[in-house]
Amino acid sequence: MSDTTAHPFSTATGTDVRVRFCPSPTGTPHVGLIRTAMFNWAYARHTGGKMIFRIEDTDAARDSEDSFLQLVDAMRWLQLDWDEGVDVGGPQAPYRQSERYDIYLGVIEKLKDSGHIYESFVTGEEIEKRNRDLGRDPKMGYDNFERDLTEDQKAAYRAEGRSPALRLRVPDTELSFDDLVRGEIIFPAGSFSDFVVVRPNGHPLYPLVNPVDDALMGVTHVLRGEDLLSSTPRQIALYHALIDIGVTTFVPRFGHLPYVMGDKNKKLSKRDAEANLFLHRDRGFIPEGLLNYLALLGWSLSHDRDVFSIDEFTAAFDVVNVNPNPARFDLKKAESINGDHIRQLDAADFAARLVPYLVTAGVFGENPSEAELALLAQGAPLIQERIALLGEAPSMLGFLFVTGADLVLEADALASLPQNAADILGASRTALESIPSAEWTTDRVHALLAETLIEGLGLKPRVAFGPLRVALSGRKISPPLFESMEILGRAETLDRLDRALAAISAA
């Protein structure tokens, strides 16, 4: 074991940059986790470097294949592509830790032969007793006293039926690094003791396998959450050992990203609804909008601009510009930004993205007909400027895809009608009947109704057109009224007015 080997940090720039996203497959993807993935991806794309996507699935009790598939689904939905890793392969395959045990065992043997790791037989209870016997806080932890066990002492432990864990021999020196987000961070000598890297059953632990994978895969920059900051000196200590045995030649640069906070400035946890990535997708966030908002959780393009494209983001992103302070997830702001991106979509693209939501809501069947898609192409532009989430579309457009006989007049909509609603609908019905089908256009309908209701009856527009909106859509809020009437057509419009009049009379 060398005490003099230099342990340089990576100096990689440009195309030599290599980052990684290495989640554990537990539970549903969390927006904070995805923010970490996005910042790594953006840094790779900004520098021209490489992005590695590997899975840390060594905890059989918590990891699941379903969660793994959700992680891949999340990355592909958000179009956060990767250059090496699961599903795409690469020179350091496999990219799931559960499939790399032979690799770890080889590194462990080198670390044992070099003296960087040693056998530890002590139990947790014995560590506490030792501390008490020496007049220390029993929770003080391990004090490295097994570093120099003799072979006879080891044999005696084995004779008792004990199997040893393996601990890393931590350098008895100060460990420091220049955090890309937070600046210089120093851990004085003695900040932590020798720690277990392999369980007594031979199972290698995260503090070993994570840095080993990073080293073998040539990772130059480790961008990860602030919650992992306390483990960084352990990783650096292990890197020193890996450099000494020739596994790598450098320690990666570290950048610890700020917490994502939820309501009341508490760290956003998996139990919080806002944390669930797929809940946001189900509600109608689009990748462009959600990624734009997540980028703002710790970073900004400029002080006066919150809406930008993914290309603009990657062109401008540098991890050194990430704000170290916690960032709060503001759902209303996220929805607003998503709405801005919805409005930037091409009309045909916007309509196509609505289809899954209309299917889920039962407005469409699993295989929409050409007629339904054509009607959607007409109706979608009416709401593109009015919604913030794609999931709002079924309630806004559903009335276009049913007959008057099947249209439900919602209770709150009926309750909102003025006392003279029947008079308004009757006058409208009489006036509209005079328009021939061939002349049934938005402008003609609008002009006639304005003449009849506003000029003729002296009504204000809100009072005049509210009952028509309810009669035609069944709701208080709907797409633009006159454009909707043109899409519905003369016969359907008149039929709905008749049915609404009958419903009001019956009430």
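Below, all heavy atoms of this structure are taken into account, side chains as well, without hydrogens, waters or symmetry copies. In this text, all values refer to a predicted model and were calculated from it rather than measured experimentally.
Residues Leu373 and Pro368 approach most closely at CD2-CB, 3.9 Å, considering heavy atoms.
In this structure the side chain of Trp77 reaches within 4.5 angstrom of the side chain of Leu290, judged on heavy atoms. Between Trp41 and Ile310 there is a side-chain heavy-atom pair separated by less than 4.5 Å. Contact check for Tyr118 versus Asp194: side-chain heavy atoms found under the 4.5 Å cut-off. Using a 4.5 Å cut-off on side-chain heavy atoms (C-beta onward), Phe278 and Gln70 make contact. Using a 4.5 Å heavy-atom threshold, the side chains of Arg475 and Met396 count as touching.
No hydrogens or angles considered: nothing links the side chains of Trp299 and Asp318 as a donor-acceptor pair under 3.5 Å. If you check the side chains of Tyr95 and Asp213, you find no donor sitting under 3.5 Å from an acceptor.
The ring of Tyr293 has its center closer than 6.0 angstrom to the ring center of Phe329. Ring centroids of Phe313 and His46 are separated by 6.0 Å or more, keeping the two rings apart. Phe192 and Phe187 have their aromatic ring centers separated by at least 6.0 angstrom.
Counted within 6.0 Å of CZ on Arg62, heavy atoms from surrounding residues, nucleotides or ligands total 12 or fewer; the atom is thus considered open.
For the side chain to side chain contact (heavy atoms under 4.5 Å, CB included) criterion with Val198, the lone passing option out of Leu166, Leu111, Leu105 is Leu166.
Here the CZ atom belonging to Phe401 is positioned 9.0 Å from the OG atom belonging to Ser369, to the nearest 0.5 angstrom.
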Ring pair (Phe, Tyr, Trp, His ring centres under 6.0 Å) between Phe39 and Phe317, intermediate numbers included: CA-CA 8 Å; Phe39 279 10; Phe317 181 79; 5.0 Å; yes
Ile52/Trp82 under side chain to side chain contact (heavy atoms under 4.5 Å, CB included): CA gap, chis, key distance, verdict: CA-CA 6 Å; Ile52 302 165; Trp82 55 98; over 6 Å; no
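Side-chain atoms of Arg281 never come within 3.5 Å of backbone atoms of Leu277 as a donor-acceptor pair (strictly under, hydrogens ignored).
Applying the side-chain hydrogen bond (donor to acceptor under 3.5 Å, both in side chains) test to every pair with at least one member in residues 349-364, sequence neighbours left out, gives these pairs: Glu288-Arg353, Asp349-Arg353.
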